[in-house]
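Notes follow once the structure below has been shown.
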Amino acid sequence: MAEFYSALEAMGISLVFLMLVFVPMEKVFPAKKHQKILRPKWLLDFCFFLGQYLLWSGLVLWTLNYFADYLTSIIPNSFQQKIASQPFLLQVFEVLVLSDFLIYWGHRLQHNVDFLWRFHKVHHSAEHLDWLAAHREHPLDSIYTIGLINLPAFIMGFPLESIAGVIAFRGIWAIYIHSNVRLPIGKLRILIGAPELHHWHHDLDRRAGNYANISPIMDVIFGTYKCPDKEPEKFGIQEETPNSYLGQLIEPLLPKRVWDRIKQGSEKL
């Protein structure tokens with residue numbers, strides 16, 4: 001029970017912090033000027049926000065910790081000690097570059113491999129982007145993504161305590177690039193990611209590009225960089241998707257024929 005109250009407290013603090021940071025930004029520098037705070041499906045995304053903090057964050061951390069010992073045993077201990085003895089800023093740079101490379105290809109696979117897309121499409125089903133929509137993720141998709149982001153640190157023996165700030169920054173950055181904000185940074189957008197890049201990733205086209213995370217360099221190198229000087233007309237996916245929180249959690253886990261039977265049965269009630 002004490003852990004639940006701690007999670008509840010952390011959720012409350014995070015909610016207030018994110019609203020204080022991103023709501024004013026979205027009002028002053030809006031990408032979609034007429035989008036309201038309580039836009040359509042905001043309650044669904046709020047359910048995902050609650051689920052992340054109160055239910056699934058524990059599952060994600062448990063999974064990562066469960067595999068941590070196995071992953072760190074892949075690399076010789078002597079090599080890990082050399083990594084840990086490097087200057088802090090060099091460690092941070094290496095983690096950022098390695099994790100960006102992994103998340104680029106892992107994310108690209110999510111859009112091109114149907115099995116991975118089953119779970120990742122939950123995130124892309126959002127038809128309105130803002131700081132809250134960033135939390136619309138299937139928990140299994142979160143395990144996959146967070147695992148890839150932290151894989152270099154696990155395998156190479158980076159002390160996670162020393163790069164906790166980097167991990168936290170990635171979380172805030174993910175929310176920022178989903179926010180309803182447009183702050184064009186000119187030619188620097190080749191080096192630094194921005195909402196205008198990630199918004200095009202959420203275009204209706206499943207293979208729209210912009211798979212990178214913090215820096216779009218990987219997209220530039222591998223030919224998937226895309227950034228017109230306007231916002232996409234629509235966000236979302238071309239497939240039919242459940243409108244409820246439970247539906248979006250359950251549907252990817254089941255064969256299509258099974259889900260269709262469940263949906264038909266619910267419609268008859």
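- Interatomic distance, H34 NE2 to K32 NZ, rounded to the nearest 0.5 Å: 11.0 Å.
- Taking CG from L98 and CD1 from I103, the interatomic distance works out to 13.0 Å, rounded to the nearest 0.5 Å.
- Listed by first and then second residue, the salt bridge (Lys or Arg N to Asp or Glu O under 4.0 Å) pairs that reach into residues 184-195 are R189-E196, R189-D229, sequence neighbours excluded.
- Scanning for side-chain contact (heavy atoms from CB on, under 4.5 Å) contacts around P40 gives H128, with sequence neighbours left out.
- The backbone N or O of F48 sits nowhere less than 3.5 Å from a side-chain atom of H135 that would complete a donor-acceptor pair.
- Relative orientation of the H107 and H201 rings is perpendicular, given thresholds of 30° and 60° on the angle between their planes.
- You'll find the side chain of M11 reaches within 4.5 Å of the side chain of L50, heavy atoms only.
- Partners of E251 by salt bridge (charged side-chain N to carboxylate O under 4.0 Å, His left out), not counting sequence neighbours, listed by chain and number: K121.
- Between Y53 and F49, the ring-plane angle classifies as tilted under the 30° and 60° cut-offs.
- Looking only at side-chain heavy atoms (C-beta outward), R118 and D114 stay at 4.5 Å or farther from each other.
- Remark: side-chain polar atoms of Q81 are not paired, donor with acceptor, to backbone N or O of S78 under 3.5 angstrom.
- If you take CD1 on I175 and CG on D130, they are separated by 11.0 Å, rounding to the nearest 0.5 Å.
- Linking Ile, Leu, Val, Met, Phe, Trp and Tyr residues whenever their side-chain heavy atoms come within less than 4.5 Å places I177 and L188 in a single cluster.
- Contact check for R206 versus Q238: no side-chain heavy atoms found under the 4.5 Å cut-off.
- Heavy atoms only, all atoms of each residue included: A133 and A126 are closest at CB-CB, 4.3 Å.
- Cluster annotation: V220 is not connected to Y211 through the hydrophobic network of ILVMFWY side chains, with a link wherever side-chain heavy atoms come within less than 4.5 Å.
- Among all heavy-atom pairs drawn from A208 and K226, the shortest one is O-CD, 3.4 Å.
- With rounding to the nearest 0.5 angstrom, the SG atom of C47 is 9.5 Å from the CG atom of L132.
- Shown here for N213 and W173, the closest heavy-atom pair between the two residues is O-NE1, 3.4 Å.
- By the 6.0 Å contact criterion, CD on E239 is enclosed, its count of non-hydrogen atoms from other residues, nucleotides or ligands being greater than 12.
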*Output, in order, the C-alpha distance, side-chain angles, deciding distance and verdict of side-chain contact (heavy atoms from CB on, under 4.5 Å) for K256 and W259.*
CA-CA 5 Å; K256 186 178 184 301; W259 175 253; 5.8 Å; no
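- Looking only at side-chain heavy atoms (C-beta outward), M218 and R108 stay at 4.5 Å or farther from each other.
- Here L38 pairs with W42 under the side-chain contact (heavy atoms from CB on, under 4.5 Å) rule; sequence neighbours left out.
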Could you pull out every donor-acceptor pair under 3.5 Å between side chains of residues 16-26 and any protein atom, sequence neighbours left out?
unit_1: E26; atom_1: OE2; unit_2: W131; atom_2: N; d: 3.0
unit_1: E26; atom_1: OE2; unit_2: N180; atom_2: N; d: 2.9

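- The main-chain N or O of R136 is never found under 3.5 Å from a side-chain atom of D45 such that the two would form a donor-acceptor pair.
- When atom types are taken as modelled, the side chain of S85 and the backbone of K82 share a donor-acceptor pair closer than 3.5 angstrom.
- Side-chain heavy atoms closer than 4.5 Å link hydrophobic residues (I, L, V, M, F, W, Y) into clusters, and following such links, possibly through other members, connects L44 to L249.
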*Show your working on side-chain contact (heavy atoms from CB on, under 4.5 Å) between I221 and F101 and close with a plain yes or no.*
CA-CA 11 Å; I221 292 173; F101 176 79; over 6 Å; no
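- Other residues, nucleotides and ligands place no more than 12 heavy atoms under 6.0 Å from the CZ atom of F93.
- Scanning all heavy atoms of the two residues, the minimum distance from L148 to G106 falls at CD1-CA, 3.6 Å.
- Although no hydrogens or angles enter the test, the distance criterion places no donor-acceptor pair under 3.5 Å between the side chain of D203 and the main chain of P232.
- Under a 3.5 Å cut-off, the side chain of Q248 and the backbone N or O of H138 do not form any donor-acceptor pair.
- The two residues V122 and S125 have their closest heavy-atom pair at O-OG, 2.7 Å.
- Across all their heavy atoms, L96 and I214 have their closest contact at CD2-CD1, 3.7 Å.
- Taking the six-membered ring for Trp and thresholds of 30 and 60 degrees, H120 and W117 have ring planes more than 60 degrees apart, a perpendicular arrangement.
- In terms of the salt bridge (charged side-chain N to carboxylate O under 4.0 Å, His left out) criterion, residue partners of D100 (sequence neighbours excluded) are, by chain and number, R170.
- Clustering ILVMFWY residues whenever any of their side-chain heavy atoms sit less than 4.5 angstrom apart, transitively, puts L197 in a cluster other than the one holding L204.
- Ring pair H199/F235 is perpendicular by interplanar angle, where above 60° counts as perpendicular and below 30° as parallel.
- Follow the hydrophobic side-chain contacts under 4.5 Å out from F119 and you reach I149 in the same cluster.
- The line from OG of S179 to CG of L129 is 9.0 Å long, rounded to the nearest 0.5 Å.
- Under a cut-off of 6.0 angstrom, the local environment of CZ in R207 is crowded, with over 12 non-hydrogen atoms contributed by other residues, nucleotides or ligands.
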_side-chain contact (heavy atoms from CB on, under 4.5 Å), that's the test. Do H111 and H124 meet it? Break it down for me._
CA-CA 10 Å; H111 284 259; H124 277 267; 3.1 Å; yes
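- Using the six-membered ring where Trp is involved, H178 and H202 have ring planes that are perpendicular, over 60° apart on the 30 and 60° scheme.
- R39 places a side-chain N or O within donor-acceptor distance of the main-chain N or O of K41, the cut-off being under 3.5 Å.
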